[in-house]
Amino acid sequence: MKSFLKYNKINLIFSALSIIFVFVLWQVCFFIVGNDYLVPSLNDTVTEFFTLFSEAFFWKAFLNTFLRVLSAFAVSFILGAVCSILSVFFKPFNSFINPIITILRALPTMAALLIILLWLSPKTAPVLICVLVLFPLIYTQINAQINAIDSGILQMAKVYNLPFYKRLTKIYLPLTLPGIFLYSGSNLSFAIKIVVSAEVMANTLTALGGLMQTANLYLQTSRLAALTIVAVILGLLIEGFFALLYKVIFKWKRGE
């Protein structure tokens, strides 16, 4: 227990040093460049950061972006889970879906967004582009978790002729859920990055990406940096929240 606490303490110290290093580097770059329009001062950015939270329009934009992230993640997760299950229990489907997954991985995100904007509005296009990026990632992760299951357990289920729903609920779900849950935090964080980037490209109004585009248009560099920090902190909080939940919910996985 003491060694575990010591390990966590060391990690926290080095994480804090990493954050301090980033801000020191930022301030050094500010003094070297000497141009607020290129590199905003740390002081102005922090002031703008806290000013954002007093703006009702910011909260509306923040909520809209967050709902897009949740929607894209939910759709991607459902598609990934369903396709993974079909791949396991219906082998021809695996041959069918693999080329599609390969194409989606190679698809240039911004080019796809420009095409999608011809079909959909700037409000819905970021959701679809996020699904196109996130779906193959989640599908691959779930497949990796399924393939990591001990073949002896699967063989035993086949010998005893367990029906589909029992194999799914008694073997696949319990053995894959911890890993899938742990990945969900980083996937949601990645979804924020994709959705916000798509909102910037699509000039989505009343969204974090839209606010960034406006700040860039009017050369409000400190506001742009503050909005970027908001998106980064949101992603870090989500990853940290899922990591904490994983430790609490899946203690049995670590033998505690």
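- Looking at heavy atoms from C-beta onward, Tyr246 lies in side-chain contact with Pro178 at the 4.5 angstrom threshold.
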Candidate pair Ile146 and Ser84, rule side chain to side chain contact (heavy atoms under 4.5 Å, CB included), full reasoning: CA-CA 8 Å; Ile146 292 173; Ser84 293; 4.2 Å; yes
CA sep, side-chain torsions, deciding dist, call: Ile138, Phe73, side chain to side chain contact (heavy atoms under 4.5 Å, CB included): CA-CA 9 Å; Ile138 293 177; Phe73 175 78; 4.2 Å; yes
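- With a 6.0 Å radius and a threshold of 12 heavy atoms from other residues, nucleotides or ligands, Phe53 has its CZ atom above the threshold.
- In this structure, CG in Leu208 is found 10.0 Å from CG in Leu63, a value given to the nearest 0.5 Å.
- Atom CG of residue Leu224 and atom OG1 of residue Thr45 lie 9.5 Å apart, to the nearest 0.5 angstrom.
- Inter-residue side-chain proximity for Leu182 and Phe242 is flagged as unmet; no heavy-atom pair is nearer than 4.5 Å.
- Between the side chains of Glu239 and Ser186, no donor-acceptor pair is found at a separation under 3.5 Å.
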Residue pair Phe90, Ile85: steps toward the side chain to side chain contact (heavy atoms under 4.5 Å, CB included) verdict: CA-CA 8 Å; Phe90 185 58; Ile85 292 169; over 6 Å; no
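- Between Ile238 and Gly185, the closest heavy-atom pair is CG2-O, 3.8 Å.
- When hydrophobic clusters are built by joining Ile, Leu, Val, Met, Phe, Trp and Tyr residues whose side-chain heavy atoms come closer than 4.5 Å, directly or via intermediates, Ile100 is grouped together with Leu79.
- A 4.5 Å side-chain heavy-atom check between Ile142 and Thr176 finds every atom pair outside the cut-off.
- Once rounded to the nearest 0.5 Å, the distance linking CE of Met110 with CD1 of Ile115 reads 12.0 Å.
- With hydrogens and angles ignored, the 3.5 Å screen pairs a side-chain donor or acceptor of Gln213 with a backbone N or O of Val200.
- Residue Thr204 comes nearest to Arg68 through the heavy atom pair CG2-NH2, 3.5 Å, listed as atom of the first residue, atom of the second, then distance.
- Checked by atom type and distance alone, the side chain of Ser76 never pairs as donor or acceptor with a backbone atom of Leu134 at under 3.5 Å.
- Side-chain atoms of Asn216 do not come within 3.5 Å of backbone N or O of Met212 as any donor-acceptor pair.
- Using modelled atom types and a 3.5 Å distance limit, the side chains of Ser54 and Thr51 yield no donor-acceptor pair.
- Cluster annotation: Val232 is not connected to Leu17 through the hydrophobic network of ILVMFWY side chains, with a link wherever side-chain heavy atoms come within less than 4.5 Å.
- If you take CD1 on Ile32 and CG on Leu38, they are separated by 13.0 Å, rounding to the nearest 0.5 Å.
- Side-chain contact between Tyr218 and Thr214 is present, with heavy atoms from C-beta onward closer than 4.5 Å.
- Listed here is the closest heavy atom pair of Thr140 and Pro136: OG1-O, 2.8 Å.
- Put simply, CD on Gln27 and CG on Leu25 are 10.5 Å apart, with the number rounded to the nearest 0.5 Å.
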Criterion salt bridge (Lys or Arg N to Asp or Glu O under 4.0 Å) on Lys193 and Glu199, from CA distance to verdict: CA-CA 10 Å; Lys193 176 182 175 180; Glu199 287 173 344; over 6 Å; no
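- With hydrogens and angles left out, the side-chain atoms of Asp44 and Ser41 include a donor and acceptor closer than 3.5 Å.
- Here the shortest heavy-atom pairing between Ala231 and Ile192 reads O-CG2, 4.0 Å.
- No continuous path of ILVMFWY side-chain contacts below 4.5 Å connects Val22 to Val28, so the two sit in separate hydrophobic clusters.
- One N or O on the side chain of Thr102 and one on the backbone of Asn98 form a donor-acceptor pair closer than 3.5 Å.
- Contact check for Phe57 versus Leu211: side-chain heavy atoms found under the 4.5 Å cut-off.
- Between the CH2 atom in Trp59 and the OG1 atom in Thr206 there is a gap of 16.0 Å [rounded to 0.5 Å].
- There is a side-chain donor-acceptor pair under 3.5 Å between Tyr139 and Ser87.
- Checked by atom type and distance alone, the side chain of Arg105 never pairs as donor or acceptor with a backbone atom of Val133 at under 3.5 Å.
- Under the 4.5 Å side-chain criterion, counting only non-hydrogen atoms from C-beta, Pro122 is not in contact with Leu205.
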Worked verdict on Phe31 versus Val39 for side chain to side chain contact (heavy atoms under 4.5 Å, CB included): CA-CA 9 Å; Phe31 284 119; Val39 181; over 6 Å; no
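- Under the side-chain contact (heavy atoms from CB on, under 4.5 Å) test applied with Thr65, the options Leu70, Val230, Val196 reduce to a single match, Val196.
- Counting only distance, with no hydrogens or angles, the side chain of Thr124 and the backbone of Leu120 share no donor-acceptor pair below 3.5 Å.
- Hydrophobic clustering, with ILVMFWY side chains joined whenever heavy atoms are under 4.5 angstrom apart, keeps Leu67 apart from Phe58.
- Contact annotation: the side chain of Ile129 never approaches that of Met201 to less than 4.5 Å [non-hydrogen atoms, C-beta and beyond].
- Neither Leu177 nor Tyr183 shares a network with the other; the hydrophobic side chains, linked directly or stepwise wherever heavy atoms of I, L, V, M, F, W or Y lie under 4.5 Å apart, form separate groups for each.
- Taking each heavy atom of Pro40 and Ala225 in turn, the nearest pair found is CG-CB, 3.9 Å.
- Residues Arg223 and Leu52 have side chains in contact (heavy-atom distance under 4.5 Å, counting atoms from C-beta outward).
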